[in-house]
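In each ligand, atom 1 is the first atom listed, and ligand 1 is the first ligand listed.
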Amino acid sequence: MSFNRVEEESFSTTFDIGSLPKHYEFNEFISDEDVESDRDDLPRLVLMGLRGSGKTSIQKVVFQKMSPNETLFIGSNNSMLKDVVNNSAFVNFQICDFPGHFDFTDSEYDVQSILQGCQSLVFVIDAQDAIASALNRLHSVVTKAYKINKNIKFEVFIHKVDGLTEDTKMETQREIHQRANDDLVDSGDEQKIYISFHLTSIYDHSIFEAFSRVVQKMIPHYATLENFLNIIIQTSGIEKAFLYDVKTKIYVATDSSPVDIQSYELCCDMIDVVIDLSNIYGMGQNPGLMNDPAFDDQSSSLIKLNNGTILYLREVCSFLALVCILREDNFEKQRIIDYNFVILRKGIHKLFELKDKEKESIESRNPPSFK
Ligand SMILES: Nc1nc2c(ncn2[C@@H]2O[C@H](COP(=O)(O)OP(=O)(O)OP(=O)(O)O)[C@@H](O)[C@H]2O)c(=O)[nH]1
């Protein structure tokens, strides 16, 4: 199998690479005031946890690019904050950040309808604080939420672990895991409710890694994406492949081999380098225009490390990039890799179309109505 440019061009004519339907694109320059946070039609992710556990900081750091140090000045929330994350077809949901003092009996919030449309409930526990009251709240939240919606995926972020030693981290995780499961056993819910645990901190990549896993569970076609990546690594001599949402550095998919956090961090750093360089040299013909993003269909990059490893990035569509790690020897077959990449990109675009068609058919079966 060999790659030649004619083949790539023939794909380009049948499918306009890099140009997805407009609504898949993230508009980088929407101000906070313009964002339509009441998009109740979108899949919903709910953040809960005790006061000061770090919910708002997580949301600001991951989705609004706030620097971790700035979160010191956020202040406590007294009402629910809603936000819409709309980067691509895969990273497209509404976030509801409940204040720490929230109670299910609180008539201020329409908990029933919020949780009915909820796909993922992230409960944040401050690992530097006493955990007993957080565990009580966790149990009460998951059992009540499960009664309202049995399809919610429950995720616990054991947060602020930057202040703990490696040993304490593991010990805290073990203790929280054990006690949360014991509580479920006591209430007879252990067969029904499954909780996933993640160690997180806004001061390193762990929060992005954890959010990646949460977002992946919200993607209906995740298995297909994973399969695509398995095929490309097998056929191209690649060691690890990540499909990144460039804007947030969440990886929306990866192949089925285990993720090692150093590889993930390396790929995140590569994206930063590409965006920074594009901002300087790659702003197209009109560098002054705000709508000329630093990441477009021409974006690609190759970085050689001094240990014989190569990082290779190719743009898949607006704000989605494939980042691969491979041995330098295997990169001799770059044409095959590029050819396989074109096929992969075509497959992912088809998946977008499929998702779009499914959405249209659901909407035609349930036309929107005024409440
Ligand atoms: N050390 C450390 N501090 C963090 C981390 N995440 C958040 N914080 C700090 O925790 C404090 C509280 O964070 P918030 O985001 O306001 O907490 P919250 O859960 O939204 O609080 P409420 O709005 O009262 O419910 C802030 O001072 C943050 O800087 C973390 O990963 N590590």
Side-chain angles (χ1 to χ4, degrees), residues 32 37 44-85 93-106 108-109 111 114-115 118 120-142 144-145 154-173 175-176 180 195-215 248-250 261 264-265 268:
D32 281 353
S37 55
R44 187 171 298 131
L45 186 148
V46 166
L47 281 170
M48 287 191 188
L50 294 185
R51 220 176 240 281
S53 53
K55 302 175 290 296
T56 313
S57 309
I58 292 174
Q59 195 217 325
K60 300 261 180 210
V61 169
V62 177
F63 298 107
Q64 295 176 14
K65 298 289 121 207
M66 181 181 272
S67 95
N69 290 329
E70 282 179 66
T71 63
L72 291 166
F73 311 106
I74 290 179
S76 189
N77 280 343
N78 285 319
S79 55
M80 184 176 70
L81 299 178
K82 280 188 183 179
D83 194 12
V84 166
V85 181
F93 49 85
Q94 182 190 48
I95 299 187
C96 297
D97 173 7
F98 278 83
H101 60 78
F102 155 80
D103 193 279
F104 270 81
T105 54
D106 220 328
E108 197 185 323
Y109 312 102
V111 192
I114 291 175
L115 290 180
C118 169
S120 185
L121 191 154
V122 176
F123 190 90
V124 184
I125 296 181
D126 181 348
Q128 296 185 18
D129 201 3
I131 55 173
S133 48
L135 283 167
N136 289 341
R137 176 70 75 85
L138 169 69
H139 184 71
S140 138
V141 163
V142 292
K144 284 177 181 154
F154 295 104
E155 313 280 345
V156 170
F157 284 3
I158 304 169
H159 193 52
K160 306 194 190 177
V161 292
D162 48 280
L164 308 183
T165 62
E166 273 315 303
D167 287 348
T168 334
K169 256 189 221 177
M170 292 306 138
E171 181 56 26
T172 313
Q173 183 178 28
E175 193 183 343
I176 290 177
I195 307 177
S196 306
F197 296 85
H198 313 261
L199 291 167
T200 56
S201 163
I202 52 170
Y203 289 97
D204 56 34
H205 285 91
S206 58
I207 192 63
F208 296 94
E209 221 267 328
F211 242 107
S212 302
R213 291 179 189 267
V214 171
V215 169
T248 54
K249 293 205 234 84
I250 280 175
I261 187 86
Y264 170 69
E265 286 172 6
C268 287

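- A salt bridge (Lys or Arg N to Asp or Glu O under 4.0 Å) with Lys160 is found for exactly one of Asp129, Asp126, Asp204, namely Asp126.
- Applying the ring-ring contact (aromatic ring centres under 6.0 Å, His included) rule to His198 yields the partners Phe157; only residues at least two apart in sequence or on another chain are considered.
- Proximity of a side-chain donor or acceptor of Lys55 to a complementary backbone N or O of Val124 within less than 3.5 Å is not detected.
- At a 4.0 Å heavy-atom cut-off, the residues surrounding ligand 1 are Leu50, Arg51, Gly52, Ser53, Gly54, Lys55, Thr56, Ser57, Thr71, Leu72, Gly75, Ser76, Asn77, Pro99, Gly100, Gln128, His159, Lys160, Asp162, Ser201, Ile202, Tyr203, listed by chain and number.
- For Phe211 and Phe63, the gap between ring centers is short of 6.0 Å.
- Partners of Ala145 under the side-chain contact (heavy atoms from CB on, under 4.5 Å) rule, at least two apart in sequence or in another chain, are Leu115, Leu121, Ile152, Phe154.
- Every residue meeting the salt bridge (charged side-chain N to carboxylate O under 4.0 Å, His left out) condition with Glu175, not counting sequence neighbours, appears here in chain and number order: Arg179.
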